[in-house]
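Here's the structure, in structure tokens; my notes come after.
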Amino acid sequence: MKVLLDENIDVRLRFSFDGTGHEVVTVKYMGWSGVKNGQLLRLMKDHDFDVFIAVDKHLPYQQNLDTLPVTIFILDVQKNVLSQVKDYVPVLLERMREPLKRDVIVLRLS
């Protein structure tokens, strides 16, 4: 699965996916820093991405959910720091084993 990490997520998170079979890259790596979400989603479609991981809780309200080209996971973190975001990796891996729908999925840890 081809996964893109939003630019406001610590780039080191991608190392948490090593050995999982997923290709995980960052917005910065793709040269898309500063690109707005609508254009970013179009670029993701053009580059055959499957999943977008972000922490922007407003993103679902800014996009037409009927036309999403990828599955978007929003991580509901208290603070956007690597130690908290890494806690979501097992949940993300589990969810990415399931058939994905092009939808926004907010993940919360209990």
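Model, not experiment: these values are computed from the prediction. Position 1 is the first residue of the sequence, and the numbers go up from there.
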Shortest non-hydrogen pair, Lys28 vs Ser33, comes out as CA-OG, 3.5 Å

Nearest heavy-atom approach of Ala54 to Ile9 is CA-CD1, 3.8 Å

Counting distance only, does the side-chain N/O of [X] pair as donor-acceptor with the main-chain N or O of [Y] below 3.5 Å?
| X | Y | result |
| --- | --- | --- |
| Arg102 | Pro69 | yes |
| Thr71 | Lys101 | yes |
| Gln84 | Val77 | no |

List the residues meeting salt bridge (Lys or Arg N to Asp or Glu O under 4.0 Å) with Asp76, not counting sequence neighbours, and say none if there are none.
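For Asp76, the residues satisfying salt bridge (Lys or Arg N to Asp or Glu O under 4.0 Å) (neighbours in sequence not counted) are Lys57, Arg108.
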
Output yes when Arg95 and Glu98 qualify as a salt bridge under the 4.0 Å nitrogen-oxygen rule, no when they do not.
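Result for this pair is yes, salt bridge flagged.
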
If two hydrophobic side chains count as joined below 4.5 Å and joins carry through other members, does [X] share a cluster with [Y]?
| X | Y | answer |
| --- | --- | --- |
| Leu100 | Ile53 | yes |
| Phe52 | Val3 | no |
| Leu75 | Val91 | yes |

Are the side chains of [Y] and [X] in contact, using a 4.5 Å heavy-atom criterion?
| X | Y | answer |
| --- | --- | --- |
| Leu13 | Leu82 | yes |
| Ile105 | Ile74 | no |
| Leu107 | Leu92 | yes |
| Leu5 | Val11 | no |
| Phe73 | Met96 | yes |

Return a table of donor-acceptor pairs under 3.5 angstrom between the side chains of residues 38-51 and protein atoms on other chains or two or more places apart.
residue	atom	partner	partner atom	Å
Gln39	OE1	Arg42	NE	3.3
Gln39	OE1	Arg42	NH2	3.2
Arg42	NH1	Gly38	O	3.4
His47	ND1	Leu43	O	2.9
Asp50	OD2	Lys2	N	2.8

In Å, rounded to the nearest 0.5 Å, how long is the span from OG1 of Thr26 to CG of Leu4?
7.5 Å

